Every structure is written in structure tokens, then in C-alpha cells.
Amino acid sequence: MEAKIRALKAEKNAVVMAHNYQPLDIQALADVVGDSLELAVKAKETGADLIVVCGVRFMAETAKILNPDRKVVIPVEDAGCPLADFLTPDLIREAKERYPDAAVVVYVNSTAESKALADITCTSANAVRVVMSLPNETILFGPDANLAAYVQRELPKKTIVPVPPGGHCYVHTGFTLADVEAARRKGGTVVCHPECLPEVQEQADVIASTGGMVRGAAGAGEPWSVFTERDMVSRLRVLYPGRVFYEKPEAICVDMKKISPADLQRALECEEHEIILPPGVMDRARRALERMIAVGA
Ligand code: 13P
Ligand code: SF4
């Protein structure tokens, strides 16, 4: 299957992009593995005719928005992100009515329709930098309330209003203070994703995006307890053999596990499932994404 997939990639001038949470067999077949920001930036740079995104739907939509003239497919149609579904265009419009002077920052874990209403998007790798780049004192920030709390802590002079107030990722809110205590007993460094609960963030030694974890682990020697989706640790073990990483076995993003190598092969063969979005939505969302990319990581 691996040989067939490689042949199809060459034949179709295709690029396969995988998020850090994809199963290892998919990561091994990808041309690019990275965090949401890295995938967005690389999607824009690729010269491929066909872009296959192994991740969840908002990642494939982002690739399509940034590459409107290329074919973008996701191997499994219903690989979604429950966090993205917390934010709706109506919620953004209502918040804008209440805070007319606020800027709207939309996390990339969101629908294309929500991005289209954003002044700028952000990822967990650049959320602080993106908010810092805005002159507005009040920022409407959605859909992740825990990432919003992280940005608020880093930038106390801003007023960050989470939209909606309780938007969260079930994988990351599954980490508790009991997990921090258990990690402390093992020793080493506790590294958490900013989608974790604020009380967990406060007790962690390092808060980082998945790409930040890849970069940060390069300079670290002691064991790491990694508070994010468990296949992030699979990736870290491949990159840094011999290093000690602890994962939480139950921290699984179900949607990130939907794509198998057979699905990837079918996606390359049949060029399915194609991402198609209304042109007006794409144009507005692209503006917000490109503004984010210009701010950098
Ligand atoms: P990153 O942007 O850190 O890759 O995170 C994406 C994500 O879905 C986290 O749950
Ligand atoms: Fe969405 Fe959470 Fe899965 Fe990330 S881990 S894709 S935020 S559900």
C-alpha cells in the first residue's frame, strides 16, 4: 500500500499533509507533518495540483481557502472538530453588537463561515502575537475559552471576551490537576497545550502548541509529561528516540483517528472528498488567514 500511495502521489503531483495528532502510519506517509499553523503556511507554499489533508475538516478547509485554484481533499468526510462547532456566525454577530469596538479573533479550529467574519485568525502557536498585533483593547475570541484565558493571562492589558463563554476541546479538558500530581510523581517537565483548563495551565511548566512541543523537545533532556492528544507523543518519540515522554492513553481525539492508509489511498485514487466552499466565504476567510500568516508564529 505504501508503494502504491507513493506512486499515486508522484503521478498526480499530490502532497499529503498530516497533523501531529494523526496515527503514526499516516504521519509516515505524509510529505508534511505539523501543527495547524505549519500546515496552513505549507498549504499556501505548495506547488502541488492535489492537496490531501489528513487531519480534521477545518484543516482541509484552511488549505482550500489558501489555495482556491487547487483541488483539496480530505480522505474521510466526517472527520470534524467538536471545538470548531461551538462557534457560529450568529454568535459572532451578537457579540459584535454588544462590543462594537472590539476586534474579532477566530481560532483556526472553526468553520469557514466563522473565519469569514473574523478580522484575523490565530492558531495556538501565534494567538498571543496575533492579539498583540491589534490596536483594539477588547478582543472577541472564539471558540476556545481556555486558549482565550491563556491569551488573557499573557496580555493582562487587553480584555479578552470568549465567544461563546464555554467553548472547549473535550480531549484537552480531560486533563486534570490529578494528572499534574501524577506527572510530578514521575518527575521531569509538565508540558500542556493551551486548550487545557486554566488551572492545569497554571500548574504546568511549559504551555505550547503542538509545533511548539516539537521545537521545545529538541533542547530538552529530562522526561516530559505531555498534556495533549496522545499521538503527539508518538511523533515526539519518532523525532527524539531514546528520550522519555509520558502520554495519557485516554487522551484521544476520535476524529483524528478516522483516516486509515486505505482511506488515504482511496483519496489519492478517486480525488475524494473534495472541499468545496462558497467563493464569498472563501474570499473573506482568506483575508483573515493571510493577515494571520503575515503576523507569523
Ligand atoms: P495545534 O495548532 O497546536 O496543532 O493544535 C490544533 C488542535 O486541534 C489542538 O487540539
Ligand atoms: Fe478539535 Fe480537540 Fe480534536 Fe484538536 S483535539 S481537532 S481541538 S477535538
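Below, each value reflects all heavy atoms present in this structure, side chains not excepted, and no hydrogens, waters or symmetry copies. Note that ligands are numbered from 1 as they come in the structure, with each ligand's atoms numbered from 1 the same way. These numbers come from a predicted model, not from an experiment.
- Here the rule is salt bridge (charged side-chain N to carboxylate O under 4.0 Å, His left out) with Glu247, and of Arg230, Arg237, Lys186 only Arg237 fits it.
- Taking His168 as the reference, Phe86 meet the ring pair (Phe, Tyr, Trp, His ring centres under 6.0 Å) condition, with sequence neighbours excluded.
- Below 4.0 Å from some heavy atom of Tyr21 lie the following atoms of ligand 2, by number and element: 4 (Fe), 5 (S).
- Residue His193 places a heavy atom less than 4.0 Å from ligand 1.
- Side chains of Thr210 and Asn20: a donor on one and an acceptor on the other come within 3.5 Å.
- Protein atoms that are N, O or S and lie under 2.8 Å from atom 2 (Fe) of ligand 2 are these: Cys169 SG.
- Nearest protein neighbour of atom 2 (O) of ligand 1, counting heavy atoms only, is Ser36 OG, 2.9 Å.
- No N or O atom of Asp35 sits closer than 3.5 Å to an N or O atom of ligand 1.
- When atom types are taken as modelled, the side chain of Thr173 and the backbone of Cys169 share a donor-acceptor pair closer than 3.5 angstrom.
- Between the side chains of Glu195 and Tyr107, a donor-acceptor pair is found at a separation under 3.5 Å.
- The shortest heavy-atom distance from His172 to ligand 1 is under 4.0 Å.
- Within ligand 1, the atoms closer than 4.0 Å to a non-hydrogen atom of Ser124 are 1 (P), 2 (O), 3 (O), numbered from 1 in the order shown.
- Taking the six-membered ring where tryptophan is involved, the planes of His172 and Phe175 are tilted, since the angle between them lies from 30° to 60°.
- When the options Pro194, Pro198, Cys192, Cys196 are evaluated for a side chain to side chain contact (heavy atoms under 4.5 Å, CB included) with Asn146, the one that passes is Pro198.
- Near Glu195, with a cut-off below 4.0 Å to any heavy atom, the atoms of ligand 1 are 7 (C), 9 (C), 10 (O).
- Contact annotation: Cys169 has no heavy atom less than 4.0 Å from any atom of ligand 1.
- Note on Arg98 versus Glu94: no salt bridge recorded, every NZ/NE/NH1/NH2 to OD/OE distance being 4.0 Å or above.
- In this structure, Lys248 forms no cation-pi arrangement with Phe227, as its terminal cationic atom is not both closer than 6.0 Å to the ring centre and no more than 45° off the ring axis.
- Using a non-hydrogen distance threshold of 4.0 Å, Asn20 does not register as a contact of ligand 1.
- A donor and an acceptor atom, one from each side chain of Thr121 and Lys115, are nowhere located under 3.5 Å apart.
- Residue-ligand proximity, Ser209 to ligand 1, at heavy-atom distances under 4.0 Å covers atoms 3 (O).
- The shortest N/O to N/O separation between Thr123 and ligand 1 does not fall below 3.5 Å.
- For the pair Asp255 and Pro82, the minimum side-chain heavy-atom distance is below 4.5 Å.
- Counting only heavy atoms of the protein, atom 7 (C) of ligand 1 lies nearest to Asn109 ND2, 3.6 Å.
- For the pair His19 and ligand 1, the shortest N or O to N or O distance falls below 3.5 Å.
- A donor-acceptor contact closer than 3.5 angstrom is absent between the side chains of Glu199 and Gln203.
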